[in-house]
Amino acid sequence: MWTYQAPVADMLHLLTRVLHAPASWAAQPAFADLDTDTAGEVLAQASRFATEVLAPTNAVGDQQGCTWAPEGVTTPPGFRAAYQAFVDGGWPALACSPDAGGQGLPQVLNMALFEMLAAANHGWTMYPGLTHGAYASLHTHGTDEQKQTYLTKMVSGEWTGTMCLTEPHCGTDLGLMRTKAEPQADGTYRITGEKIFISAGEHDMADNIIHLVLARLPDAPPGIKGVSLFIVPKFLVNKDGSLGARNTVYCGGLEHKMGIKASATAQIVLDGAIGTMVGQPNKGMQGMFVMMNAARLGVGNQSLGLTEVAYQNALAYAKDRIQMRSLSGPKAKDKPADPIIVHPDVRKMLLTAKAYAEGGRALAIFCSVLLEKSHYHPDEKVRKDSDEMLSLLTPIVKAFLTDNGWQATTMCQQVFGGHGYIKEWGMEQFVRDARINMIYEGTNTIQSLDLLGRKVLGNNGATLKKFGKLVGALVAEEGVNEKMAEFITPIAVLGEQITKFTTEIGFKGFQNADEVGAAAVDYLRVAGHLVFGYFFARMAQVALREIAAGNTDPFYPAKLQTARFYFAKLFPETATLMRTARAGSKVLMDTDLALA
Ligand SMILES: Cc1cc2nc3c(=O)[nH]c(=O)nc-3n(C[C@H](O)[C@H](O)[C@H](O)COP(=O)(O)OP(=O)(O)OC[C@H]3O[C@@H](n4cnc5c(N)ncnc54)[C@H](O)[C@@H]3O)c2cc1C
């Protein structure tokens, strides 16, 4: 059986010492009263919920999954109680706006909470995760009446939310969507169609489910420019806020899947269901993008949680399991063999997971701070710059953290040898659960096209250059510090290489767009390493300063060791990635005979 300790110390360290979130809060009236102690207490309470209440429901959720019946879906044993405890604890409201009944705490605390939840039970976390995304979309784009009707109950957790985009014939290409919305004389719409793969689409944990549905108006232009967004509640809501008639939106069945078995992945049938429009006709993607962007950060965060929990358990196992002797001579002479942690490759697998967790956490927290600033900072320029940087980094959070999470959970499973393949240890569940994160919310290929095509080449690399300026400032600050050279030189070199690399792909892409498609996935990993390298250098900077100041906490030398491992063993894959990206599209596209 696996265990989990929430990494609260690392979270607080990143928040306070590396990314200076309290200074950012002080500059924003919405959070000016928040101090580090309060933030620490929130994280400690979140950790208790995740480890004591939620983690015990994970294995049973995986074994039993959800059960479909015509009357509804039953979640696994313990799920309803855990959800009620979550609601009673006020957790759904944590980072929601006070005008909707939320606690108005910074998004970064919510991000940390959701890392813990995903580590404890990824499947369960889908239900509140989707609700928070739906909240964000309605809070930004809903009318006052829609907010009044739905938001308070979603913020309290009494009702949950979904996002309904995918249809049997359209996933990535939402322009192919067929679900129809017929305007009614009373200003509502009758929505008819079939959605598939809808997470948290039906369940027994809340009184109402608020579906955010994309559909087409009768006169809509073809393609993505003809898609509108609608609220379709499971139960209609009376004027006084009480639940009314059952709406004609049904769950036709659940998918049987590889992982996150406790998350109800529902086929949703809309049979003239009553809905109201969110935002403007044919501009549905604007509202949905708020939810999708929140969800993309959330999905990266899910893999971060799984990386952390898999690492913790693999580490404990590697210290305990004895097999063979160390190549350099026995280490545990009192035992018949050494613990497997003495073997270099076992250490490499452990350190890979640890580095991906710590780098990923730094990036996730950095992005949450940007998200806060983009909404609440009093200076409009700061809001705009933060939004722009967040937009650049979002596909990296989604794809880099989830690709890394897949590698990390697989490596941690490998540390267990054959026992990693056996259910009772829990490691194979982490691997199965992690796999979906590379697929939903836009596959990782689509994220890489978004990064390279839209966010980098689409604005001539302007935002990437702004990130380059952050790297440049750190290089200028620490360039003469010999102790920092091993952390600074690699990012300085990659920073220069990536500028040339981007120009080169842009030029080739101008002549043949397939060149962009052929390079994009490799490109995203290179950009991911530039970002991770920057954060590892900053973490190393803090560690070196603490050690120089006489701090003897082993946390700091441990950070340096992890950073050294990262730069020596993981970061150098950028050279191979740039080389394979440069190999271009011809070897992919001139292969009709090979793929005949
Ligand atoms: C467990 C689970 C939960 C989900 N939850 C939700 C949910 O809550 N709401 C919702 O609406 N949807 C949900 N989805 C759907 C999910 O977002 C889609 O499956 C995903 O976006 C991919 O769409 P698709 O499956 O139709 O694949 P396709 O779009 O058919 O893609 C197939 C392959 O082609 C590639 N491809 C497609 N277009 C391009 C291109 N232009 N360039 C390069 N490669 C391309 C893709 O990357 C992929 O590898 C969920 C799916 C699953 C499995």
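Position 1 is the first residue of the sequence; numbering continues from there. Counting convention: from 1, in listed order, for ligands and their atoms alike. All values derive from a computational prediction rather than experimental measurement.
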| query | Ignoring hydrogens and geometry, is there a side-chain-to-backbone donor-acceptor pair from N247 to V249 under 3.5 Å? | reply | no

| field | M589 atom CE: more than 12 heavy-atom contacts under 6.0 Å | value | no

| If you measure from atom 18 (C) of ligand 1 to every heavy atom of V521, I196, T166, I268, which option wins on shortest distance? | T166

| Which residue from L214, L212, I436 reaches closest to atom 53 (C) of ligand 1 through any of its heavy atoms? | I436

| request: For the pair T248 (side chain) and D271 (backbone), establish whether a donor and an acceptor sit closer than 3.5 Å, ignoring hydrogens and angles. | output: yes

| field | Shortest protein contact, atom 37 (C) of ligand 1 (heavy atom only) | value | T172 OG1, 3.8 Å

| message | Determine whether a donor-acceptor pair (N or O, by modelled atom type, separation under 3.5 Å) exists between the side chain of E167 and the backbone of R178. | response | yes

| remark: Of G171, S263, G442, the one whose closest heavy atom lies nearest atom 24 (P) of ligand 1 is G171

| task | Measure from the ring center of F197 to the ring center of Y440 and say whether it is less than 6.0 Å. | result | no

| message | Check this for me: Q280, atom CD, are more than 12 non-hydrogen atoms of other residues, nucleotides or ligands nearer than 6.0 Å? | response | no

| message | Tell me the contacting part of L449 for ligand 1: side chain, backbone, both, or neither, using a 4.0 Å heavy-atom threshold, strictly below. | response | side chain

| What are the atoms of ligand 1, with element, lying closer than 4.0 Å to any heavy atom of S199? | 3 (C), 4 (C), 5 (N), 6 (C), 7 (C), 8 (O)

| note | Taking only non-hydrogen atoms of M163 and a 4.0 Å limit, the atoms of ligand 1 in range are 7 (C), 8 (O), 9 (N), 10 (C), 11 (O)

| task | Step through the shown structure and confirm whether more than 12 heavy atoms of other residues, nucleotides or ligands are within 6.0 Å of NZ on K283. | result | no

| Considering only the protein, which heavy-atom contact is closest to atom 46 (C) of ligand 1, and what is its distance? | T443 OG1, 3.8 Å

| message | Is atom 30 (O) of ligand 1 near the protein, in the sense that some protein heavy atom lies at less than 4.0 Å from it? | response | no

| query | For the residue pair H122 and F430, is the inter-centroid distance of their aromatic rings smaller than 6.0 Å? | reply | no

| request: Number the atoms of ligand 1 from 1 as they appear, then name those within less than 4.0 Å of a heavy atom of E441, with their elements. | output: 17 (O)

| Under 4.0 angstrom from atom 34 (O) of ligand 1, is there any protein heavy atom? | no

| Quick check: does any side chain N or O of R435 sit under 3.5 Å from a backbone N or O of G259, one acting as donor and the other as acceptor? | no

| query | Which pair of heavy atoms, one from P77 and one from V60, lies closest together, and at what distance? | reply | O-CG1, 3.6 Å

| task | Note the single closest protein heavy atom to atom 25 (O) of ligand 1, along with its residue, its atom name and the distance in Å. | result | F197 CE1, 4.1 Å

| note | heavy-atom search around atom 20 (C) of ligand 1 in the protein gives I439 O, 3.8 Å

| task | Pick out which of T162, T160, I231 makes a side chain to side chain contact (heavy atoms under 4.5 Å, CB included) with H211. | result | T162

| Nearest protein heavy atom to atom 44 (N) of ligand 1, by residue and atom, and its distance? | T445 CG2, 3.8 Å

| atom 10 (C) of ligand 1 protein-contacted, heavy-atom criterion under 4.0 angstrom | yes

| task | Report the part of L165 in contact with ligand 1, treating N, CA, C, O as backbone and CB onward as side chain, heavy atoms under 4.0 Å; options are side chain, backbone, both, neither. | result | both

| said: Within the 4.0 Å heavy-atom shell around I446, which atoms of ligand 1 are there? | reply: 39 (C), 40 (C)

